[in-house]
Number of protein chains: 2
Amino acid sequence: MSKVDHLRNVPIFTDLSDSDLAKIADKMIPREYEKGQMILLEESQGETFFIITGGAVKVTRLSDDGREVILAILGESDFFGEMSLLDGEGRSANIVANEPARMLTLSRSDFLDCLESYPKIAIALLEELAIRLRKSDQQIESLSLSDSEQRIGITIVRLAEELGTIKQGHVTVQNLPFQQDIANMAGTSRETVSRTLKLLEDKALVKRDNRDLTIYNFDTFRQAFS
Amino acid sequence: MSKVDHLRNVPIFTDLSDSDLAKIADKMIPREYEKGQMILLEESQGETFFIITGGAVKVTRLSDDGREVILAILGESDFFGEMSLLDGEGRSANIVANEPARMLTLSRSDFLDCLESYPKIAIALLEELAIRLRKSDQQIESLSLSDSEQRIGITIVRLAEELGTIKQGHVTVQNLPFQQDIANMAGTSRETVSRTLKLLEDKALVKRDNRDLTIYNFDTFRQAFS
DNA sequence: TGAACTCTGTGACATTCGTCACAACAGGTT
DNA sequence: AACCTGTTGTGACGAATGTCACAGAGTTCA
């Protein structure tokens with residue numbers, strides 16, 4: 001798959017013509033990362049924009065005592081790095097490759113040039129940030145009001161929407177993240193995730209085997225947790 | 001103060017010339033709201049962009065059982081309503097006037113025209129959304145990792161930065177929001193806020209009289225809670 | 001001045017959930 | 001197989017904090 005093909009799948013670039021895409025693609029540099037490799041450190045200045053062309057990364061924040069919060073898990077055609085390019089602040093989050101991952105990168109100045117030259121990109125990016133803000137607000141609500149079972153349920157919905165595949169009416173997440181990661185997304189402990197998953201299985205809402213999780217009735221499931 | 005004067009104070013318009021500002025100002029319609037009045041309902045379609053020219057509003061989400069989460073308190077020169085204009089989704093939050101408030105409003109189509117015509121606005125808006133996203137991420141972290149005292153401390157920092165005034169080295173927040181509102185911002189209960197404020201006062205970190213709260217040493221205070 | 005509200009302070013209690021401890025299990029390597 | 005490492009399951013316990021109940025202050029309005 002060519003660079004341009006990858007770009008076409010990215011929401012903020014969909015409105016552009018092939019020739020414009022090609023111009024941008026020319027400026028992008030491919031990079032590869034191994035599983036577990038740090039892609040961006042919290043402290044460093046943000047100077048690069050990244051588009052994921054393969055694999056997955058997790059976006060985290062770390063507290064002083066080393067506990068981590070997972071803000072998002074991003075996969076193919078997602079992008080990141082735009083935040084500190086936009087407001088000039090340092091990074092607010094760490095990015096780690098969750099599995100072997102490939103990226104296309106764009107330098108700060110090329111990225112800002114794009115925004116100036118193609119207002120459509122700026123508007124599409126606004127849209128994307130609005131969506132993310134919305135999700136953040138939802139998560140703040142759920143962390144504030146819900147108990148751990150609810151929060152874990154919502155987290156599973158998020159994961160299913162991001163990573164799941166639909167097969168004869170029910171959604172399957174293959175290769176579910178570790179319980180520790182789910183806990184760090186849901187703002188709870190690993191043990192509570194373990195117990196809650198068992199609970200959900202007892203209630204016949206989900207089925208697990210190995211690293212796969214199947215949600216029997218996704219719509220009612222989502223209904224129940226939001 | 002004229003419309004244009006108000007607009008000049010709004011971050012996303014600062015880069016514009018007076019004549020451009022005047023053109024935009026012409027399209028804006030002033031509105032007034034009483035204390036407690038609903039400005040936007042969660043369910044309604046978003047069709048308007050608002051700039052606050054006086055007073056203050058709170059941005060909230062409500063759960064089914066009526067508990068509320070306060071996502072932000074906005075004051076003069078802040079704006080809202082852009083989210084659902086951008087991504088076309090319905091409102092994600094309610095907006096209520098916290099005190100008598102005045103606004104300038106812009107219709108959906110005029111707002112989008114502005115973005116197309118003045119790329120600088122789009123870029124400044126991107127910056128603003130990036131800042132908000134950053135704050136949301138911080139709050140998600142704090143809700144996930146911190147205990148109630150920390151969260152209340154952080155909430156007080158937020159309030160002080162938004163509403164506080166500096167007087168001979170220490171910051172005073174006049175007219176502190178009710179404990180119930182602080183609780184809804186910090187994701188805790190009203191009673192815990194009451195006890196924690198007393199605790200902070202016992203530790204000689206803050207002083208209260210009536211509705212005013214003074215933070216003796218703002219820098220160390222902020223340090224301690226983030 | 002009272003009366004009616006709204007907000008705040010505080011004790012008692014119940015519950016959720018994080019933490020610790022350890023066992024069971026899986027996958028990979030020798 | 002035996003071993004190691006990383007992951008998951010589960011019981012026991014205690015601390016943090018939400019909830020309930022009510023008293024005391026402070027405000028508003030007649």
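Labels below follow one simple rule: chain letters A, B, ... track the order of the sequence lines, proteins then strands, and each chain is numbered from 1. Source: prediction; values computed, not measured.
- For the pair D212(A) CG and dT7(D) P, the interatomic distance rounds to 17 Å; values are reported in whole Å.
- Going from atom CG of N184(B) over to atom P of dC7(C) covers 12 Å, rounded to whole Å.
- One finds a side-chain N or O of R208(A) lying less than 4.0 angstrom from the OP1 or OP2 phosphate oxygen of dG9(D).
- In this structure, the CG atom of D209(A) is 17 Å from the P atom of dC25(C), given to the nearest Å.
- The separation between L176(B) atom CG and dC7(C) atom P is 13 Å, rounded to whole Å.
- Contact check for L71(A) versus M185(A): no side-chain heavy atoms found under the 4.5 Å cut-off.
- For K207(A) and E201(A), the salt-bridge test fails: no basic side-chain N is under 4.0 Å from an acidic carboxylate O.
- Of the candidates dT19(C), dT17(D), dG11(C), the closest approach to any side-chain atom of R195(B) belongs to dG11(C).
- Taking CZ of R134(B) as the reference point, atom CG of D87(A) lies at 4.0 Å (rounded to 0.5 Å).
- Taking atom CG of L143(A) as the reference point, atom P of dT17(D) lies 15 Å away to the nearest angstrom.
- Below the 3.5 angstrom threshold, one finds a donor paired with an acceptor across the side chain of R190(A) and the base of dG9(D).
- As rounded to whole Å, 15 Å separates atom P of dT17(D) from atom CG of L197(B).
- For S148(A), no side-chain nitrogen or oxygen approaches OP1 or OP2 of dT16(C) to under 4.0 Å.
- Closest contact between the side chain of D147(B) and the listed nucleotides dT10(C), dC7(C), dT17(D) involves dT17(D).
- The phosphate of dG18(C) (OP1 or OP2) has a side-chain N or O of T192(A) nearer than 4.0 angstrom.
- Comparing E191(A) and S146(A) by the nucleotide of DNA chain C that holds the closest heavy atom to each, the one mapping nearer the 5' end is S146(A).
- The nucleotide whose nearest atom lies closest to any side-chain atom of F178(A) is, among dA12(D), dG9(C), dT7(D), dT7(D).
- Classification of E162(B) and R158(B) as a salt-bridged pair fails, no side-chain N sitting under 4.0 Å from a carboxylate O.
- Under the 3.5 Å distance criterion, with hydrogens and angles disregarded, a donor-acceptor pair is assigned to the side chains of N184(B) and Q180(B).
- Counting atom types as modelled, Q180(B) pairs no side-chain N or O with a base atom of dC7(C) as donor and acceptor under 3.5 Å.
- Using a 4.0 Å heavy-atom cutoff across all strands shown, S194(B) reaches at least one base atom of the nucleic acid.
- Distance, I152(B) CD1 to dA16(D) P: 14 Å, rounded to whole Å.
- Regarding contacts with the backbone of dT10(C), a side-chain N or O of K198(B) is found under 4.0 angstrom from either OP1 or OP2.
- Computed from coordinates, the Q179(B) CD to dG24(D) C1' distance equals 14 Å when rounded to whole Å.
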